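Notes follow the structure.
Whatever order the structure lists ligands and atoms in, that order sets their numbers, starting from 1. Side chains included, hydrogens not; waters and symmetry mates left out as well; all remaining heavy atoms used. In this text, all values refer to a predicted model and were calculated from it rather than measured experimentally.
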Amino acid sequence: MGSHAVVLGGSMGGLLAARALVGHYERVTVLDRDSLPAGAEHRRGVPQGKHFHTVLLAGAEVLGRMFPGLVEEFVAEGVPRSNFTREATFVLNGHRMVRTDTGAQAIQLTRPMLEGTIRARVASYPGVKVVDGQEVVGPVFDGERVTGVRTSTGVLDADLVVDALGRGGRSRRWLAEWGFPVPAEDTIEIDTMYASRLVRPKAPYRDKLVLVGPVPGRPNGFAFAAQEGDRWMLTVVGMAGDHPPTDEDAFLAFLRRSAPPDVFDAIATAEPLTPLRTHRFPASLRRRYEGLTRFPKGLLAFGDAVCSFNPIYGQGMTVAALEAEALRRCLRDGGERDLARRFFRAAAKIVDPVWQLNAGGDLALPEIPGHRPLATRVVNRYVARLQRVAEHDPVVATAFVRTIGLLDRPSAMFAPRVLVRVLLGGR
Ligand SMILES: Cc1cc2nc3c(=O)[nH]c(=O)nc-3n(C[C@H](O)[C@H](O)[C@H](O)COP(=O)(O)OP(=O)(O)OC[C@H]3O[C@@H](n4cnc5c(N)ncnc54)[C@H](O)[C@@H]3O)c2cc1C
């Protein structure tokens with residue numbers, strides 16, 4: 001057991017990393033510069049928290065394993081649980097997916113409630129401290145390894161420091177300052193804007209979730225999702241510079257471009273509970289730490305600091321949860337020996353297929369700039385056909401839902417029984 005691990009950043013990435021460290025370090029300290037609310041409230045350091053945040057199917061499973069009873073606790077507190085796709089409308093690439101029982105259950109809650117509950121759970125473990133109001137200046141590096149962290153209020157000694165500072169994560173800069181190689185960065189310029197508000201429909205709405213994705217020629221869509229507290233999150237998203245306006249009339253006109261008429265009516269007549277808030281997201285960003293030949297001992301990067309995905313696919317927190325399980329396995333199997341190399345390799349195995357899935361989805365839109373190799377074009381044609389068949393074929397719909405929920409690898413979309421149905425059904 002190491003004596004002290006310090007996690008920089010107390011958002012979902014940092015909290016899940018801290019959970020993984022429990023049992024491997026006598027003390028785990030999570031530092032954040034924000035003043036952290038006691039409950040489910042917004043805070044400055046997580047501006048994305050005002051927008052739709054889905055926990056993917058795999059994420060709900062991992063969270064349930066890491067925090068026994070968590071999902072049941074949420075449901076007891078009024079968090080809607082939806083049966084995919086029986087109680088959800090999915091319109092992907094212009095195709096409305098068949099309603100079927102895929103066996104998948106999603107939980108739908110606001111980001112502040114999710115983060116606030118997990119923060120309380122993590123802080124309740126013996127030896128864990130979540131300390132707010134701490135501006136991280138940087139790790140202390142002694143020429144060989146990281147030995148602690150400097151904050152606005154002093155220096156903390158640490159055997160392990162985890163950079164979970166989000167996509168602005170500083171490890172890249174620190175590595176350069178200390179004379180280490182820096183990771184290559186991949187980006188996909190998606191120029192995306194979110195506009196969101198909480199609403200309450202006038203009459204009970206028949207579904208619990210509506211998701212309408214972009215299509216070529218209309219790179220925008222929206223999510224309309226029941227949340228805790230008898231509220232619904234409405235998030236409208238536009239990619240490739242096709243941004244939703246915030247003027248009320250123009251906003252509704254923008255939404256009308258993608259919303260099926262019945263859904264549009266439910267939204268347009270709903271009571272607004274909060275003002276419209278926007279969030280700009282210029283590019284997805286992947287840092288290839290696994291490719292580095294030298295990396296300082298005592299440091300890791302985690303969560304969005306490693307990969308900040310296109311948010312429309314809702315994967316960041318689920319990937320952070322999967323990384324947390326990987327970190328736990330690395331510590332169990334080899335302790336701190338060669339930890340960074342082992343962890344970054346394990347994280348890459350999680351991140352790579354997700355990044356590929358997203359790149360495929362983004363580049364299926366002609367509005368998104370980027371090179372489209374033959375493999376991407378072939379796969380995208382196949383996926384477009386699969387989405388068409390999923391309008392009526394429950395087996396294909398289930399395979400797709402499980403893949404985008406990260407329960408199965410993308411190769412599951414090409415399993416023989418799915419492939420045959422896609423090829424024959426797509427005629
Ligand atoms: C618009 C939008 C929608 C999204 N929707 C989804 C979704 O539906 N599903 C999903 O899974 N993911 C979604 N994501 C991604 C998700 O929010 C992140 O993956 C998740 O928050 C994990 O990120 P993180 O903890 O690594 O970093 P962040 O959430 O960015 O947290 C970084 C933390 O570091 C702190 N910090 C920063 N600098 C300092 C400093 N110098 N000193 C101390 N503390 C500091 C901040 O206060 C913050 O708490 C979305 C993202 C965006 C932008």
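- The ligand atoms of ligand 1 that sit less than 4.0 angstrom from a heavy atom of Gln315 are 10 (C), 11 (O).
- Side chains of Tyr205 and Asp262: a donor-acceptor N/O pair is absent below 3.5 angstrom, by distance only.
- Of the listed residues (Leu406, Leu165, Ile312, Val319), the one carrying the non-hydrogen atom nearest atom 36 (N) of ligand 1 is Leu165.
- For the residue pair Glu228/Thr110, the side-chain donor-acceptor check at 3.5 Å is satisfied.
- Side-chain N/O atoms of Arg19 and Tyr125 include a donor and acceptor closer than 3.5 Å.
- Checked by atom type, the side-chain pair His243/Asn220 shows no donor-acceptor distance below 3.5 Å.
- Every atom of ligand 1 with a heavy atom of Arg111 under 4.0 Å away is listed here by number and element: 16 (C), 17 (O), 20 (C), 21 (O), 29 (O).
- Between Asp32, Asp34, Val237, it is Asp32 that holds the heavy atom closest to atom 47 (O) of ligand 1.
- For the pair Ala320 and ligand 1, no heavy-atom separation below 4.0 Å is found.
- In terms of protein heavy atoms, atom 3 (C) of ligand 1 is closest to Pro311 CB, 3.4 Å.
- By the 3.5 Å distance cut-off applied to N or O atoms, Gly314 is counted among the residues near ligand 1.
- Close approach of ligand 1 to Val136 (heavy-atom distance below 4.0 Å) involves ligand atoms 40 (C), 41 (N), 42 (N), 43 (C).
- Residue contacts with ligand 1 for Arg43 involve side-chain atoms from C-beta outward but no N, CA, C or O (heavy atoms, distance under 4.0 Å).
- Remark: Arg257 qualifies as a cation-pi partner of Phe254 under the 6.0 Å distance and 45° angle criteria applied to the six-membered ring.
- Listed by number with element, the atoms of ligand 1 under 4.0 angstrom from any heavy atom of Gln48 are 1 (C), 2 (C), 17 (O), 21 (O), 29 (O), 51 (C), 52 (C), 53 (C).
- Between Tyr289 and Phe344, the ring planes lie parallel to each other; the angle is under 30°, not in the 30° to 60° tilted range.
- Listed by atom number, the atoms of ligand 1 under 4.0 Å from Phe52 heavy atoms are 5 (N), 8 (O).
- Taking all heavy atoms of Thr192, Asp304, Val137 into account, the minimum distance to atom 19 (O) of ligand 1 is reached by Asp304.
- Considering only non-hydrogen protein atoms, atom 27 (O) of ligand 1 sits nearest to Gly166 CA, 3.2 Å.
- Here His279 has side-chain heavy atoms under 4.0 Å from ligand 1, and that is the only part of it that gets that close.
- At under 3.5 Å, not a single nitrogen or oxygen of His51, backbone or side chain, sits near a nitrogen or oxygen of ligand 1.
- Proximity of Arg170 to ligand 1, defined as any heavy-atom pair under 4.0 Å, is confined to the side chain (atoms from C-beta onward).
- Between Glu290 and Arg288, at least one side-chain N (NZ, or NE/NH1/NH2) sits under 4.0 Å from a carboxylate O, which counts as a salt bridge.
- Asp207 and Thr89 are linked by a side-chain donor-acceptor pair at a separation below 3.5 angstrom, with hydrogens and angles left out of the test.
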Problem set entry | Audit row: Arg172, Glu185, side chain to side chain contact (heavy atoms under 4.5 Å, CB included) steps and yes/no | CA-CA 10 Å; Arg172 212 166 176 267; Glu185 270 187 356; 3.3 Å; yes
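- Side chains of Val162 and Val6 form no contact here, defined as non-hydrogen atoms less than 4.5 Å apart.
- Contact check for Val30 versus Leu8: no side-chain heavy atoms found under the 4.5 Å cut-off.
- For the residues Ser196, Gly316, Gly138, Gly13, the heavy atom positioned nearest atom 24 (P) of ligand 1 is part of Gly13.
- Taking every non-hydrogen atom of Gln134 and a distance limit under 4.0 Å, the qualifying atoms of ligand 1 come out as 42 (N), 43 (C).
- Using modelled atom types, no side-chain atom of Arg231 and backbone atom of Ala226 make a donor-acceptor pair closer than 3.5 Å.
- A cation-pi arrangement, defined by a distance under 6.0 Å to the six-membered ring centre and an angle within 45 degrees of its axis, is absent between Arg81 and Phe74.
- For atom 16 (C) of ligand 1, the nearest non-hydrogen atom from the set Lys50, Met12, His53 belongs to His53.
- Ring-plane geometry between Phe180 and Trp178 is classed as perpendicular, the angle between the planes exceeding 60 degrees on a 0 to 90 degree scale with a lower cut at 30.
- Of the charged side-chain nitrogens involved, at least one lies within less than 4.0 Å of a carboxylate oxygen, so that Arg286 and Asp352 count as a salt-bridged pair.
- The closest approach between any non-hydrogen atom of Arg44 and ligand 1 is not below 4.0 Å.
- Here Phe309 has no heavy atoms under 4.0 Å from ligand 1, in either its backbone or its side chain.
- A ring-centre distance under 6.0 Å is not found for Phe224 and Phe52.
- Of the protein's non-hydrogen atoms, the one nearest atom 29 (O) of ligand 1 is Ser11 OG, 2.7 Å.
- Near Gly9, with a cut-off below 4.0 Å to any heavy atom, the atoms of ligand 1 are 34 (O).
- Shortest contact from atom 44 (N) of ligand 1 to any protein heavy atom: Arg33 N, 3.1 Å.
- Neither the backbone nor the side chain of Ser308 comes within 4.0 Å of ligand 1, counting heavy atoms alone.
- Atom numbering of ligand 1 starts at 1 in the shown order; those under 4.0 Å from a heavy atom of Thr54 are 7 (C), 8 (O), 9 (N), 10 (C), 11 (O).
- Considering both main-chain and side-chain atoms, Met317 comes within under 3.5 Å of ligand 1 through a nitrogen or oxygen pair.
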